[in-house]
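For reference, the structure discussed in these notes is given below.
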Amino acid sequence: MVKCLKHEPFYTDGTYFNEELGLWIGWACHEGASDDCLPIWNEKKDICLLFSGEDFTDQAEIDVLRMRGHEFASDDASYLVHLYEEMGSEFLEKLNGWFGGVFSGLLLDLREQKLVLFNDRYGVNRIYYHEDTSGFYFSSEAKALLKILPGTRQLNLRSLGEVLSCEAVLENRSLFSGISLLPGGSSWVFSRGAPVKKKTYFKKEAWENQPELSESDFYEKLKETWIRVLPKYFVGKQSVGLSLTGGVDSRIILAWAPPGPGKLPCYTWGGKYRDCADVKIARRVAKLCQQPHNTIAVDGEFLSEFPALAERAVYISDGTMDVTGSIDLYVQRLARQIAPVRLSGVCGGEILRRLVMFRPNPPQQGVFDPELAGSFREAAVTYSGELEGHRLSFTSFKQAPWYMASKFTVERSQVTYRTPYFDNELVALAYQTPATLLNNEPALRLIADGNPRLARIGTDRGIAFRSIPGVTQALHQYQEFTFKAEYAYDYGMPQWLARLDHVFAPLHLEKLFLGRHKVAHFRVWYRDELSRSLREMLLDSDARSRPYLRANSLEEILKAHISGQRNYTFEIHKILTLEFIQRKLIELN
């Protein structure tokens with residue numbers, strides 16, 4: 001099981017057994033990371049903690065532990081076991097993990113002969129589990145369970161329909177038979193001879209029931225909270241790099257970043273056709289702040305490695321991230337060479353503006369088996385039900401662990417990932433946002449208050465603080481047009497336009513549209529550079545005979561897309577992903 005979790009040579013690992021309690025556990029983590037200190041014992045060796053992630057508990061509370069006589073290292077997570085000694089299970093409410101508030105772990109209390117399995121209040125740091133008469137099995141990645149439990153190596157039809165339609169498995173299920181996800185905010189207690197006590201240490205209603213603040217009160221509290229919590233995300237013994245885009249959320253970080261000039265390396269993903277808007281803007285704002293900037297290009301080298309990267313990304317994510325995760329894997333490997341810790345503005349929009357990032361979008365009819373296609377409709381119904389209620393609760397407690405965590409899993413295999421936007425204090429405050437400020441205004445004000453010059457630079461969508469009448473609006477409309485035009489030419493090209501584009505293929509019109517906002521262009525890549533790889537990966541006898549595909553549909557799809565007469569980008573993503581799931585996770589090849 002541990003071998004399944006070691007994705008790179010820089011991982012460290014270990015195991016611990018306690019036959020008296022019936023516990024066999026192993027771990028893997030990045031060498032030199034905060035949790036590279038396992039197992040964590042107290043002085044009496046009667047309490048042990050295995051912890052995944054980082055914690056950003058206030059330093060004042062850690063100092064109190066030393067004042068009370070506890071001994072622990074100063075540069076890792078070893079103080080956490082002492083926090084439990086002082087507070088008991090309530091210490092979980094204090095934790096504020098590496099992804100803002102994201103962590104998981106197992107606590108072994110030999111004094112009370114019990115085990116406590118816990119995760120973060122959102123459930124982003126996944127724990128998969130399977131329970132039967134032989135025992136309780138759990139792992140941070142489903143593949144470790146698949147390795148030792150052959151009966152689970154079957155795809156759940158309902159979950160498969162959700163992944164193909166929603167790009168996520170909903171309701172804390174997994175893709176695999178008999179494997180589920182630990183709900184967010186869990187602290188499950190195991191004692192010898194007693195059934196598991198499935199406790200919850202946090203309920204989202206505690207945040208939902210807060211009163212809405214006035215515009216002025218909210219912004220002042222947002223600013224005060226941001227200034228206070230942000231410096232915590234730059235601490236640690238490993239160097240930190242900032243993943244910088246052309247939007248507002250990473251720029252807020254840069255505007256208030258504690259490191260001085262030349263101390264915070266920044267980087268941005270770039271494409272093969274031109275410098276995209278993200279690169280142009282990020283380079284400009286980094287220079288203004290006197291910070292170094294690098295462009296990590298998704299170019300010919302990525303395309304040459306695509307088959308191996310795609311297979312690996314699907315495997316690492318336990319099949320919940322499709323082959324587009326190959327880009328995440330590729331760029332994060334290069335980002336680690338700049339800094340092993342990646343600080344990102346990811347989830348800023350999801351938390352501060354309550355942006356919903358995924359919706360049901362089933363593949364085209366006639367591709368998949370009718371029974372599987374029927375599950376797409378069920379997925380839409382399930383999604384609709386889950387969307388009801390508080391929108392911020394959906395984006396933080398459902399969208400983040402079900403949809404976004406797949407991408408995070410791939411990225412975290414290469415770097416230690418931090419984002420301040422999931423800081424517990426910040427999320428709690430976001431529930432008090434007045435409806436009139438669920439837009440970019442608070443973010444733009446924060447940038448202006450941190451660095452006025454940064455606020456005057458427009459975003460990748462042409463938005464700026466205190467816009468110039470006419471000029472800013474025109475820039476915004478231009479950026480919106482180029483954004484939509486690029487999508488329409490690439491991923492979202494309608495079938496009638498694909499046939500027309502085929503006629504004009506010798507003109508290479510893609511050079512006019514692609515690369516202005518996006519770095520991934522799979523419609524064109526599948527048609528051109530990756531066409532040979534697609535045939536090699538999908539036209540063998542096994543791939544063509546998969547029961548979830550309609551007879552002969554695979555050959556028809558590839559032929560039509562590679563010829564340029566049809567656009568089956570989305571369907572090829574899913575078919576290729578399913579093939580890798582079958583090979584690497586079901587058949588364990």
Intermediate values then yes/no, side chain to side chain contact (heavy atoms under 4.5 Å, CB included), Ile179 and Leu149: CA-CA 10 Å; Ile179 298 178; Leu149 299 169; 5.8 Å; no
Begin with the C-alpha distance, continue with both residues' side-chain angles, and end with the deciding distance and a verdict on side chain to side chain contact (heavy atoms under 4.5 Å, CB included) for Glu61 and Glu86. CA-CA 11 Å; Glu61 296 190 38; Glu86 294 291 334; over 6 Å; no
Please say whether more than 12 non-hydrogen atoms of neighbouring residues, nucleotides or ligands are located less than 6.0 Å from [atom1] in [X].
| X | atom1 | value |
| --- | --- | --- |
| Arg377 | CZ | no |
| Glu90 | CD | no |
| Arg68 | CZ | no |
| Lys6 | NZ | yes |
| Lys114 | NZ | yes |

Sort out for me which residue in Tyr84, Phe51, Tyr79 forms a ring pair (Phe, Tyr, Trp, His ring centres under 6.0 Å) with Phe91.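 Answer after filtering Tyr84, Phe51, Tyr79: Tyr84.
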Using side-chain heavy atoms (C-beta onward) and a distance below 4.5 Å, is [X] in contact with [Y]?
| X | Y | answer |
| --- | --- | --- |
| Trp188 | Phe138 | no |
| Phe136 | Leu117 | yes |
| Asn125 | Arg412 | yes |
| Glu43 | Glu85 | yes |
| Leu309 | Val323 | no |
| Phe306 | Ile327 | no |
| Phe176 | Leu145 | no |
| His30 | Pro340 | no |

Got a salt bridge between [X] and [Y], using NZ or NE/NH1/NH2 to carboxylate O under 4.0 Å?
| X | Y | answer |
| --- | --- | --- |
| Glu587 | Arg546 | yes |
| Glu171 | Arg173 | yes |
| Glu425 | Arg228 | yes |
| Arg583 | Asp542 | no |

Approximate separation, where rounding is to 0.5 Å, of Leu65 CG and Leu83 CG: 5.5 Å
Say you draw a straight line from CD of Glu579 to CD1 of Ile575; how long is it, rounded to the nearest 0.5 Å? 10.0 Å
In short, Arg342 meets Ser243 closest at the heavy-atom pair NH2-OG, 3.0 Å
Would Val346 and Phe408 satisfy side chain to side chain contact (heavy atoms under 4.5 Å, CB included), going step by step from the backbone distance to the final call? CA-CA 10 Å; Val346 73; Phe408 300 150; 4.1 Å; yes
What do the steps show when you test Leu160 against Leu578 for side chain to side chain contact (heavy atoms under 4.5 Å, CB included), and what is the final call? CA-CA 9 Å; Leu160 183 57; Leu578 283 173; 3.2 Å; yes
Compute the centroid of each ring, for [X] and then for [Y], and state whether the two points are separated by less than 6.0 Å.
| X | Y | value |
| --- | --- | --- |
| Phe302 | Trp269 | no |
| Phe422 | Tyr122 | yes |
| Phe580 | Tyr315 | no |
| His390 | Tyr431 | yes |
| Trp402 | Phe358 | no |

Run the numbers on Trp256 and Phe234 for ring pair (Phe, Tyr, Trp, His ring centres under 6.0 Å), then give the verdict. CA-CA 11 Å; Trp256 292 94; Phe234 290 87; over 10 Å; no
Testing the 3.5 Å rule here: is there a donor-acceptor pair between the side chains of His7 and Glu141?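 Present: a donor and an acceptor within the cut-off.
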Verify side-chain hydrogen bond (donor to acceptor under 3.5 Å, both in side chains) between Thr320 and Asp318, making sure each step is shown before the conclusion. CA-CA 6 Å; Thr320 54; Asp318 296 311; over 6 Å; no
In sequence, state the C-alpha distance, the side-chain angles, and the governing distance for Asp13 and Tyr11, and then conclude on side-chain hydrogen bond (donor to acceptor under 3.5 Å, both in side chains). CA-CA 7 Å; Asp13 64 280; Tyr11 280 41; over 6 Å; no
